[in-house]
Q: 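Can you keep this structure in mind? I'll have questions shortly.
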Number of protein chains: 2
Amino acid sequence: MRRSKTNGTIASTEEKIKLAARKVFTEKGFAATRTRDIAEAAGINLALLNYYFRSKQKLFDLIMMENVQLFIEAIKNVLDNERLTLNEKVALFVEGYIEMLKKNPDLPLFILQEIRRHPEKFANQLAAKEIFLKSHFFKQLQAASKGRINPVHIVVSMLGLTIFPFIAGLFLQNITNINQVQFDKMMDERKKLIPKWVDTMIKAG
Amino acid sequence: MRRSKTNGTIASTEEKIKLAARKVFTEKGFAATRTRDIAEAAGINLALLNYYFRSKQKLFDLIMMENVQLFIEAIKNVLDNERLTLNEKVALFVEGYIEMLKKNPDLPLFILQEIRRHPEKFANQLAAKEIFLKSHFFKQLQAASKGRINPVHIVVSMLGLTIFPFIAGLFLQNITNINQVQFDKMMDERKKLIPKWVDTMIKAG
DNA sequence: GTCTATAATTCGATAGAC
DNA sequence: GTCTATCGAATTATAGAC
């Protein structure tokens with residue numbers, strides 16, 4: 001059975017299930033998600049979910065992989081581009097992530113939650129250990145901050161300034177009384193602000 | 001039955017269950033936690049848990065309340081103290097939170113996850129909407145940043161710089177190849193760094 | 001208060017008709 | 001491919017002995 005998606009294209013049943021699964025899993029995490037919820041969100045029957053994906057775990061693994069992919073896509077073209085200055089890399093990184101996160105605001109909480117739940121799965125899989133430390137970006141950062149500050153501080157700060165607002169989105173909208181539109185507008189402003197702040201952090205004594 | 005806690009004091013069975021519940025719930029969240037795990041961690045039988053707390057949900061609500069309390073305790077003496085300058089408030093806030101989070105690193109992920117899962121429960125309960133916006137801290141911040149930057153940006157940044165490292169702890173330790181001891185040491189360094197950075201953000205044009 | 005045993009429920013997965 | 005009906009495992013909660 002086929003039915004139109006929001007963008008007017010056609011979604012097969014398999015795609016409909018995957019879309020629903022991505023939404024529900026990312027919102028609630030693995031344990032709190034019931035396959036029945038996914039089936040309902042997809043507008044199909046529970047049996048059909050197992051017909052296409054065999055098990056809840058297999059469907060989840062698929063979604064997880066796609067979500068991790070989103071995170072990697074957003075930076076892989078930046079980290080090792082030797083033609084970009086450090087400031088340019090930071091600016092591109094921040095802009096890319098904010099755009100991605102505006103479309104997928106639940107992603108960071110979902111991924112960090114799953115890493116905490118199953119650290120062993122990510123310990124070697126990502127193997128980002130070396131990829132990141134050996135990146136052109138990190139080398140530039142080391143050179144620029146040498147003798148003043150541990151470059152890891154800068155990386156943590158850049159990530160926190162960019163990602164944290166999305167993790168704490170609802171909480172922040174609550175305590176500061178701003179709505180979704182204002183929130184997105186603020187995130188656009190941060191595309192300019194964060195690179196400036198990061199630059200200051202690197203140069204400060 | 002009574003048995004010694006780590007600090008040498010005596011813990012009643014009820015307290016032992018609460019301690020175990022706090023540990024397991026905070027680590028794994030509501031859905032992924034089995035009451036059996038809590039019972040085992042407490043060294044008691046499953047039936048006893050229900051004898052003391054009636055249901056998993058009631059026990060969870062209790063733990064949740066205590067955890068939220070931890071978050072509020074850490075700031076309530078700072079936000080409205082009219083004898084502190086803005087810089088002093090920031091410094092005390094950052095130091096208090098980092099100390100609290102070093103002891104309870106799972107707390108932010110746990111709380112933000114639950115807020116996302118049940119926004120309605122926190123919408124009015126926290127009611128932090130007004131408490132925060134009307135605080136002496138926020139007024140000082142507005143005055144200090146007037147005309148240059150939206151003070152909400154500063155608040156989000158301060159929170160992100162402080163809290164995000166703990167949320168992403170395992171991930172960061174992975175990609176940067178640092179261990180737990182180095183991580184805690186970095187967080188101590190941030191007690192000095194973050195207030196300096198925040199001050200720069202406020203004053204920058 | 002604490003335990004063992006079990007009832008009651010929820011949920012993932014499958015059988016089988018169409 | 002899709003559905004209804006149901007099984008079986010896991011898990012919360014309770015009954016009842018001590």
Side-chain angles (χ1 to χ4, degrees), chain A residues 1-5 9-67 110 113-114 117-118 121, chain B residues 1-5 9-67 110 113-114 117-118 121:
Chain A
M1 186 193 182
R2 290 165 166 273
R3 195 182 288 172
S4 6
K5 284 199 295 189
T9 62
I10 300 298
S12 69
T13 298
E14 188 172 348
E15 281 165 353
K16 282 197 307 187
I17 297 174
K18 262 174 68 175
L19 283 171
R22 190 158 125 66
K23 175 175 163 54
V24 181
F25 273 136
T26 307
E27 265 178 35
K28 316 218 286 187
F30 180 79
T33 294
R34 301 179 311 153
T35 50
R36 283 169 164 79
D37 295 336
I38 298 175
E40 191 188 354
I44 54 98
N45 187 277
L46 171 58
L48 209 49
L49 185 148
N50 286 303
Y51 171 78
Y52 277 103
F53 297 95
R54 297 281 303 171
S55 77
K56 178 186 179 182
Q57 185 65 53
K58 283 196 167 56
L59 178 53
F60 179 81
D61 290 344
L62 197 70
I63 302 302
M64 184 67 192
M65 244 185 46
E66 288 185 7
N67 278 349
F110 169 82
Q113 181 90 347
E114 293 302 325
R117 199 87 82 230
H118 302 286
K121 277 199 177 178
Chain B
M1 184 194 181
R2 289 164 165 273
R3 195 183 287 171
S4 10
K5 284 199 297 191
T9 62
I10 300 298
S12 68
T13 298
E14 187 173 347
E15 280 165 355
K16 283 196 311 187
I17 298 175
K18 262 174 68 174
L19 283 171
R22 189 159 125 66
K23 176 176 161 55
V24 181
F25 273 137
T26 307
E27 262 178 39
K28 316 216 287 187
F30 180 80
T33 294
R34 301 179 312 151
T35 50
R36 280 167 164 79
D37 296 335
I38 297 175
E40 191 187 355
I44 53 100
N45 188 275
L46 172 59
L48 211 48
L49 187 148
N50 286 303
Y51 171 76
Y52 278 103
F53 297 97
R54 297 281 302 171
S55 76
K56 178 184 179 183
Q57 184 66 54
K58 281 194 168 55
L59 178 53
F60 178 82
D61 290 344
L62 197 71
I63 302 301
M64 184 64 194
M65 243 183 50
E66 288 186 8
N67 278 349
F110 170 82
Q113 181 90 349
E114 292 303 324
R117 197 89 81 236
H118 303 286
K121 277 197 179 179

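It should be emphasised that the depicted structure is a prediction, and the values quoted were computed from it without experimental measurement. Each chain gets a letter, A, B and so on, in the order its sequence line appears, and its residues count up from 1.
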Q: Below 3.5 Å between N/O atoms, which protein atoms pair up with nucleotides 12-14 of chain C? Just atom names and distances, please.
A:
from, atom 1, to, atom 2, distance (Å)
C:dG12, OP1, A:Thr33, O, 3.3
C:dG12, OP1, A:Thr35, N, 3.4
C:dG12, OP1, A:Lys56, NZ, 3.3
C:dG12, OP2, A:Thr35, N, 3.1
C:dG12, OP2, A:Thr35, OG1, 2.7
C:dG12, N7, A:Arg36, NH1, 2.7
C:dG12, O6, A:Arg36, NH2, 3.4
C:dA13, OP2, A:Lys56, N, 2.7

Q: Parallel, tilted or perpendicular: which fits the ring planes of A:Phe30 and A:Phe25, with parallel below 30° and perpendicular above 60°?
A: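 Aromatic pair A:Phe30/A:Phe25 classed parallel.
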
Q: Consider only side-chain N and O atoms of A:Asn67 and A:Thr26, and report whether a donor and an acceptor are under 3.5 Å apart.
A: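 Distance-only check passes for A:Asn67 and A:Thr26.
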
Q: So does A:Lys18 pair up with A:Glu66, basic N to acidic O under 4.0 Å?
A: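 Salt bridge present between A:Lys18 and A:Glu66.
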
Q: Over its full length, what angle do the end axes of the helix from C:dG1-D:dC18 to C:dC18-D:dG1 make, each axis taken from five pairs and the result rounded to 10 degrees?
A: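 Taking the rotation axis at each end, their angle is 10°.
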
Q: In whole Å, what is the span from the CG atom of B:Asp37 to the P atom of D:dA13?
A: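 Taking atom P of D:dA13 as the reference, CG of B:Asp37 is at 14 Å.
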
Q: Quick one: does any side-chain atom of B:Glu27 pair with a main-chain N or O of B:Val24 as donor and acceptor, under 3.5 Å?
A: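 The answer is no, because no donor-acceptor pair under 3.5 Å joins these two groups.
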
Q: Look at B:Asp61 together with B:Lys121 and state whether they make a salt bridge at an N to O cut-off of under 4.0 Å.
A: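 A salt bridge links B:Asp61 with B:Lys121.
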
Q: Would you check if the side chain of A:Arg36 reaches a backbone N or O of A:Leu46 as a donor-acceptor pair within less than 3.5 Å?
A: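 Flag not set: sc A:Arg36 to bb A:Leu46 has no pair under 3.5 Å.
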
Q: What's the CD1-C1' distance between B:Ile44 and C:dG1, to the nearest Å?
A: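 Rounding to the nearest Å, CD1 of B:Ile44 and C1' of C:dG1 are 11 Å apart.
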
Q: For B:Leu48 and for A:Glu14, find the nucleotide of DNA chain D with the closest heavy atom, then tell me which residue's nucleotide is more 5'.
A: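 The 5'-side residue here is A:Glu14.
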
Q: Please report, rounded to the nearest Å, how far the P atom of D:dT2 is from the CZ atom of A:Phe53.
A: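 After rounding, the gap between these two atoms is 12 Å.
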
Q: Whole Å only: how far is the CZ atom of B:Phe30 from the P atom of C:dT10?
A: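 My rounded result for the distance is 13 Å.
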
Q: Going by heavy atoms in the side chains, are A:Ile38 and A:Leu59 under 4.5 Å from each other?
A: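 Yes, close enough: below the 4.5 Å cut-off.
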
Q: Between B:Phe60 (CZ) and D:dA13 (C1'), how many Å, whole number?
A: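 So the two atoms are 19 Å apart, to the nearest Å.
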
Q: Does this structure show an ion pair linking B:Arg34 with B:Asp37, if we count only N-O contacts that are shorter than 4.0 Å?
A: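 Salt bridge between B:Arg34 and B:Asp37, a charged N being under 4.0 Å from a carboxylate O: yes.
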
